[in-house]
2 protein chains.
Amino acid sequence: MVVSLKDIAQRAGVSLATVSNVVNGYRPVGERTRQRVQQAIDELGYSPNLGARHLRRGRTGLIALAVPELTNPYFAELAEIAISEAAGLGYTLLMENTAADRDAELALLDGSRQRVIDGLILSPVRIGREEVLARTADSPLVLIGEGVYDVPHDHIAIDNVAASHAAIRHLVSIGRRRIAFIGATQGGDRQSAHLRVQGYREALAAAGLPYRPRLVARTDAFGRLDGKRAMRDLLALGDRPDAVFGYNDLVAIGALRALAEAGHRVPEDVAVVGIDDIEEGRFSAPTLTTIAPDKREIGRLAVRRLVARIEGAEVAGSLTVQTPFQLIRRESTGARGG
Amino acid sequence: MVVSLKDIAQRAGVSLATVSNVVNGYRPVGERTRQRVQQAIDELGYSPNLGARHLRRGRTGLIALAVPELTNPYFAELAEIAISEAAGLGYTLLMENTAADRDAELALLDGSRQRVIDGLILSPVRIGREEVLARTADSPLVLIGEGVYDVPHDHIAIDNVAASHAAIRHLVSIGRRRIAFIGATQGGDRQSAHLRVQGYREALAAAGLPYRPRLVARTDAFGRLDGKRAMRDLLALGDRPDAVFGYNDLVAIGALRALAEAGHRVPEDVAVVGIDDIEEGRFSAPTLTTIAPDKREIGRLAVRRLVARIEGAEVAGSLTVQTPFQLIRRESTGARGG
DNA sequence: GCGCGGCTCTATAACGTTATACAGGCGATG
DNA sequence: CATCGCCTGTATAACGTTATAGAGCCGCGC
């Protein structure tokens, strides 16, 4: 049997309202009564009906984290952090998979899901500034990753241009001159790819190296297979690069695979760098040099800002936070050991 | 502004009940009225308040999938499938992370979370038959993976013993004689490890090979690092195995890494087989031979059975389904190409 | 001695739905 | 022509909770 406030009230011989006050302390209750009520709660094993509470309060205690792919370890690792942070704040985090689909992102942005969640953390891929501005829903929204700037929402990301700089500087520092980039995109979507390409170009220029469009490979998506295909295409071109910078670790790992299959040595023939620092890169052969964003910071910050907004803290304007990152050298650029 | 049934009713000049009937078709509505109501809905952009609906119907439309680790690609891949299957049936799937923690599993089993979800799909790791039997909550429960048998709940898994057989037979067929197992456990928890070890022993016996306890390595968890450490320990033992069967792909990938660091060639010196067929194993160097469970089938079946129970289909008794699996040969046991 | 404020507690009206009971109209049936 | 049943639609009571208004009681100050 499922116990409600009424059962407790009956058992303890008090009114509904008093039990409610004992449970959530909205108004003070006398010590004797409180004990009687508490005892009844313990005996009957009451736990509040969240649906009813939601109906009354207008909040569900649910927030969502929407990512383009659950199977990308970067997002899985981020999700684990966010889930535990949300739990600590009394919220339940719901994972949404947009599958990098524009309609899915739009639906989430102001769709019906909003009726059940108190707020949304979104990693946009296919939508841009206009779509976000056109949003009608009024529940709080926090953006993570890149793609959308200058909108009235909190935004947490790393500085992609700077991250690219760091990667390219590292490759230049170990003597590479023909540096390719894998993971550019066609359209204006996925801005982070643009930013990473931009950082790549700037850093090349800063190092006095020429920008060769042929060395920038486009991909449809950003998985291992995309990286592998792009690397294969680059190799087929004839003028082999001596280094590759991948849009993310998955793309870089795909590139590693293509290089191995083509019989090229990493890092001797071609050095490889990714972004994300997923665990897989610490176990690949060779291990993968990467730009490590502070996932813990990103996950915690995103949840905390969202919850702050939900709970009404009129935090000053929208806030864009750039979290730190770090270059981690591993075998794919010549570091020794694991 | 947030529109409710009342607003629609007013606009269309009908009663609340009629609008409700248009929305969810509980009772038929005349064609003319239906059109007027539908128009009002479209114009005002109504979407039902799920909290209220939950309160009234006693169902939330939320189901949960609880896994021991989100960052295990096997579960991430399974989750993607389950999420889309659930969406197709009109349910939202909530991911829960038990972090392989006993208390977390227990809390989920009959804890307060039950008040917000209609049913639970659980991949148990630390709890067994007794705990499941002692459960008080009465919402439907579907178990996936191994660990708990003979309980009155639906259960979907592969035949672990048979899977182990297939793996060992394969290793024997390519001439291996000293076959190690990585991923045994200490206690009675994580039954699947027991079953996989059991299959390993049986298959050794069937092949006329001796069972050497020293070649069975225990691990605390089942990640890459655990596999790497265990492999390192096995190598330190002196009598090097000529093949390794890992509890799962992650463990096997960790083993690959340890072998590479120790300078052993795979598969020439040591062949390696895992279980799960995660994408990572198709890109590792060497690519990983694995036992591939039918993740699509498992995910879809789990969701469908759970929903069937929720919706009251008194399906005959509890059902244990064993889904098919398949051996996929790759480089780590001598197959050529990707 | 009376009024007034503070302290507990209670009664009750929402929140937005859905299911039940009921009412009116109209054609078919006896 | 009266009656029955079907078909549409309505009014309304829940579901379990929380917030608001208010009731009873006690002690204190004038």
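Just so we're on the same page: letters track the sequence lines, and every chain starts at 1.
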Checklist outcome for this item: Residues at least two apart in sequence or cross-chain that pass side chain to side chain donor-acceptor pair (under 3.5 Å) with R102(A), listed by chain then number, are E131(A)
Checklist entry - Distance only, no hydrogens: is a donor on one side chain within 3.5 Å (strictly under) of an acceptor on the other, for E43(A) and Q39(A)? => result yes
Checklist entry - Atom NZ of K6(A) and atom P of dA14(D): how far apart are they, to the nearest Å? => result 9 Å
Next on the checklist: Side chain of R53(B) only, heavy atoms from C-beta on: which candidate in dT10(C), dT10(D), dT18(C) is closest?
Outcome noted: dT18(C)
Checklist entry - Expressed in angstrom and rounded to an integer, what is the separation of L5(B) atom CG from dA19(C) atom P? => result 12 Å
Checklist entry - Does Q38(B) have any side-chain contact (heavy atoms from CB on, under 4.5 Å) partners at least two apart in sequence or in another chain, and if so, which? => result V22(B), I41(B), D42(B)
Item to check | Residue list, side-chain contact (heavy atoms from CB on, under 4.5 Å) with E130(A), at least two apart or on another chain | outcome: none
Checklist entry - Could one point to a donor on the side chain of R56(A) or the base of dA19(D) with an acceptor on the other under 3.5 Å away? => result no
Item to check | Closest to side chain of S15(B), choosing from dT8(C), dA11(D), dG16(C) | outcome: dA11(D)
Checklist entry - To the nearest angstrom, how far is N24(B) atom CG from dT17(C) atom P? => result 10 Å
Next on the checklist: Taking side chain to side chain donor-acceptor pair (under 3.5 Å) as the definition, give me every residue that meets it alongside R59(B), ordered by chain and number, with sequence neighbours left out.
Outcome noted: none
Item to check | Distance, rounded to the nearest Å, where N49(B) contributes CG and dT17(D) contributes P | outcome: 16 Å
Checklist entry - Excluding sequence neighbours, so at least two apart, what forms side-chain contact (heavy atoms from CB on, under 4.5 Å) with A64(B)? => result L94(B), E96(B), I117(B), L120(B)
Item to check | Whole-Å distance separating the CZ atom of R59(B) from the P atom of dG16(D) | outcome: 16 Å
Checklist entry - Starting at the 5' end of DNA chain D, which residue's closest nucleotide do you reach first, G30(B) or R57(A)? => result G30(B)
Checklist entry - What integer distance in Å separates I8(B):CD1 from dG16(C):C1'? => result 13 Å
Checklist entry - Pick the nucleotide of DNA chain D nearest each of L55(A) and E31(B); which residue has the one closer to the 5' end? => result E31(B)
Checklist entry - Going by atom types only, do T60(A) and D118(A) share a side-chain donor-acceptor pair under 3.5 Å? => result yes
Next on the checklist: From CG of D7(A) over to P of dG16(D), roughly how many Å is that when rounded to an integer?
Outcome noted: 8 Å
Item to check | Whole angstrom value for the distance that separates P of dA11(D) from CD of Q10(B) | outcome: 13 Å
Checklist entry - For dT18(C), does either OP1 or OP2 sit under 4.0 Å from a side-chain N or O belonging to S20(B)? => result yes
Next on the checklist: Of the options dT17(C), dT8(D), dT8(C), whose atoms approach the side-chain atoms of T33(A) most closely?
Outcome noted: dT8(C)
For nucleotides 20-23 of chain D, tabulate all protein N/O to nucleotide N/O atom pairs closer than 3.5 Å, reporting atom names and distance.
residue: dT20(D); atom: OP2; partner: Y26(A); partner atom: OH; Å: 3.0
residue: dG22(D); atom: O6; partner: R27(A); partner atom: NH2; Å: 3.1

